[in-house]
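Working notes for the structure below.
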Amino acid sequence: MDANPNLQMGLPMVYLVDDEDVVRDALAWLLRTRRLLSEGFASAEAFEVMLTSRIGPPGAGAGGTAHWPVAPSCVLLDVRMPGTSGLVLFERLIERGLLSLMPVIFLTGHGDVPTAVAAVKRGAFDFVEKPFSDNALVDRVEQALQASTEALLKRRDETSVRRRLADLTERERDVMQLVIDGLANKLIADQLNISVRTVEVHRARVFEKMDVKSAVELTNLLRTLRPDGGR
């Protein structure tokens with residue numbers, strides 16, 4: 001892990017999604033007092049337009065989220081807004097695979113316990129009722145940005161592993177799978193109908209390309225990959 005990963009990721013960004021101008025302005029001012037950048041959106045629809053411009057339309061797959069966001073970010077999201085509600089936008093962020101990269105803190109003046117519990121169970125970072133403590137809210141924002149940083153680092157590491165996997169030849173993949181399954185070189189040779197020496201060569205190349213020193217290390221490395229392709 002980099003000593004200061006933010007240097008490679010860019011400056012953190014807090015997205016403010018609230019239909020009330022005065023609320024967005026107050027939040028932006030509050031965040032500036034803690035040297036945090038923000039960008040405001042007056043509706044869920046406006047925020048989705050921004051997302052589509054960055055990562056493509058809903059359902060476009062994980063390609064966009066593999067490259068964006070590039071900086072730690074989080075969303076301060078009003079629950080009740082004209083048009084698309086905050087809860088609906090929250091579900092769309094989940095569908096886009098953005099929630100871990102862009103944690104959501106709900107803001108509401110109409111919160112109730114069942115709504116809060118349901119949102120947190122679905123992965124919301126927090127659920128804050130208005131009026132709120134300024135310091136407590138910004139503390140939670142900073143914690144959400146830290147969670148976003150960790151998710152971005154995990155995405156970066158997964159991308160690196162997937163690139164190394166893509167560099168393997170088909171035969172090296174065959175050998176790698178049998179190594180992971182725990183087979184000795186002789187059994188791998190028999191199963192693939194090749195010589196033990198050839199297995200040794202492929203095994204060494206797999207370890208070199210994957211940058212590991214043992215089968216255990218290789219297995220543990222591959223376990224870090226999420227089955228959804230890193231979304």
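Nothing fancy with the numbering, it's 1 onward along the sequence.
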Exercise for the section: For R32 and S38, indicate whether the former's side chain and the latter's backbone hold a donor-acceptor pair under 3.5 Å. Expected result: no
Practice task
Run the salt-bridge test on R24 and D21 with the 4.0 Å N-O cut-off and return the result as yes or no.
Solution key: yes
Exercise for the section: Apply the test side-chain contact (heavy atoms from CB on, under 4.5 Å) to residues W68 and L101: give CA-CA distance (whole Å), side-chain angles for both, the deciding distance (0.1 Å), then the verdict. Expected result: CA-CA 9 Å; W68 192 88; L101 299 169; over 6 Å; no
Handout entry: Main-chain N/O of L89 paired with E48 side-chain donor or acceptor, under 3.5 Å
Key = no
Exercise for the section: State whether E150 and K154 are salt-bridged, where the test is any N-O pair (Lys NZ or Arg NE/NH1/NH2 against Asp/Glu carboxylate O) under 4.0 Å. Expected result: no
Fill in the blank from the handout: Taken to the nearest 0.5 Å, the spacing of L178 CG from Q191 CD works out to 5.0 Å
Exercise for the section: Using a 4.5 Å cut-off on heavy atoms from C-beta on, say whether the side chain of D181 contacts that of I188. Expected result: no
Completion exercise
With sequence neighbours left out, the residues meeting side chain to side chain contact (heavy atoms under 4.5 Å, CB included) with E20 are D18, V22, V23, K130
Problem - Flag side-chain contact, heavy atom, 4.5 Å: T84 against S43 - result: no
Practice task
Taking the side chain as every heavy atom from C-beta outward, state whether L222 and M210 have any pair of such atoms under 4.5 Å apart.
Solution key: yes
Exercise for the section: Quick one: closest heavy-atom pair of A144 and P103, and the distance? Expected result: O-CG, 3.4 Å
Practice task
Indicate yes or no: at least one non-hydrogen side-chain atom of R96 is less than 4.5 angstrom from one of T52.
Solution key: yes
Handout entry: In one Ile/Leu/Val/Met/Phe/Trp/Tyr side-chain cluster, 4.5 Å: M13, L77
Key = yes
Completion exercise
So CZ of R173 and CG of L165: to nearest 0.5 Å the spacing works out to 5.5 Å
Handout entry: Smallest separation among heavy atoms of A215 and V179, with atom names
Key = CB-CG1, 3.6 Å
Practice task
Report yes if the side chains of L192 and T198 come closer than 4.5 Å at any heavy-atom pair, otherwise no.
Solution key: no
Practice task
Work out which heavy atom in D126 is nearest to a heavy atom in R140; give both atom names and the distance.
Solution key: OD2-NE, 2.7 Å
Exercise for the section: Output yes when R171 and D174 qualify as a salt bridge under the 4.0 Å nitrogen-oxygen rule, no when they do not. Expected result: yes
Practice task
Measure up the F106 and F127 rings against each other and bin them: parallel (under 30°), tilted (30 to 60°), perpendicular (over 60°).
Solution key: tilted
Exercise for the section: For E217 and K213, indicate whether the former's side chain and the latter's backbone hold a donor-acceptor pair under 3.5 Å. Expected result: yes
Handout entry: Atom pair CG (L145) and CG (L11), whose distance is rounded to the nearest 0.5 Å
Key = 11.0 Å
Exercise for the section: Using a cut-off of 6.0 Å, state whether more than 12 heavy atoms not belonging to R164 lie near its atom CZ. Expected result: yes
Exercise for the section: Taking the side chain as every heavy atom from C-beta outward, state whether E45 and V49 have any pair of such atoms under 4.5 Å apart. Expected result: no
Practice task
Can you establish whether the number of heavy atoms outside E39 located under 6.0 Å from its atom CD is more than 12?
Solution key: yes
Exercise for the section: Could you tell me how the ring of F41 sits relative to the ring of Y15: parallel (under 30°), tilted (30 to 60°) or perpendicular (over 60°)? Expected result: tilted
Practice task
List the steps and the verdict of side-chain contact (heavy atoms from CB on, under 4.5 Å) for V138 and T33.
Solution key: CA-CA 10 Å; V138 181; T33 66; 5.8 Å; no
Exercise for the section: Say whether, by atom type as modelled, one donor and one acceptor occur between the side chain of S148 and the main chain of S73 under 3.5 angstrom. Expected result: yes
Exercise for the section: Give a yes or no on whether V141 and V79 share a hydrophobic cluster (residues Ile, Leu, Val, Met, Phe, Trp, Tyr; joining criterion: side-chain heavy atoms under 4.5 Å apart). Expected result: no
Problem - Ion pair check, D190 and K186, cut-off under 4.0 Å - result: yes
Exercise for the section: Write down the atom of R203, the atom of N185, and the distance for their closest heavy-atom approach. Expected result: NH1-OD1, 2.8 Å
Handout entry: same_hphob_cluster(L87, F47) at 4.5 Å side-chain heavy-atom cutoff
Key = yes
Practice task
Following the transitive rule for hydrophobic clusters with a side-chain heavy-atom cut-off under 4.5 Å over Ile, Leu, Val, Met, Phe, Trp and Tyr, establish whether M50 and L27 coincide in one cluster.
Solution key: no
Handout entry: Heavy-atom neighbours of R122 CZ exceed 12 at 6.0 Å
Key = no
Handout entry: V212 and N220, any side-chain heavy atoms less than 4.5 Å apart
Key = no
Problem - ILVMFWY cluster, V17 and F132 together (side-chain gap under 4.5 Å) - result: no
Practice task
Before accepting this row, confirm whether a basic side-chain N of the pair E200/R197 lies closer than 4.0 Å to the acidic partner's carboxylate O.
Solution key: yes
Problem - Heavy-atom pair with the smallest gap, counting every atom of A147 and F125 - result: CB-CE1, 4.0 Å
Fill in the blank from the handout: Value for CD (E91) from OG (S85), rounded to nearest 0.5 Å, stands at 9.5 Å
Problem - D211 CG to L221 CG distance, which is reported to the nearest 0.5 Å - result: 8.5 Å
Problem - Residue pair D78 / R80: nearest heavy atoms and the distance that separates them - result: OD2-O, 2.8 Å
Handout entry: Side-chain heavy atoms of L98 within contact of V75, under 4.5 Å
Key = no
Exercise for the section: Decide yes or no on side-chain contact (heavy atoms from CB on, under 4.5 Å) for R163 and D167, but give the supporting numbers first. Expected result: CA-CA 6 Å; R163 284 176 178 162; D167 194 37; over 6 Å; no
Exercise for the section: Mind running side-chain contact (heavy atoms from CB on, under 4.5 Å) on H202 and V199 for me, showing each step along the way? Expected result: CA-CA 5 Å; H202 285 311; V199 172; 5.8 Å; no
Handout entry: Residues R34, D139: salt bridge by 4.0 Å N-O rule
Key = yes
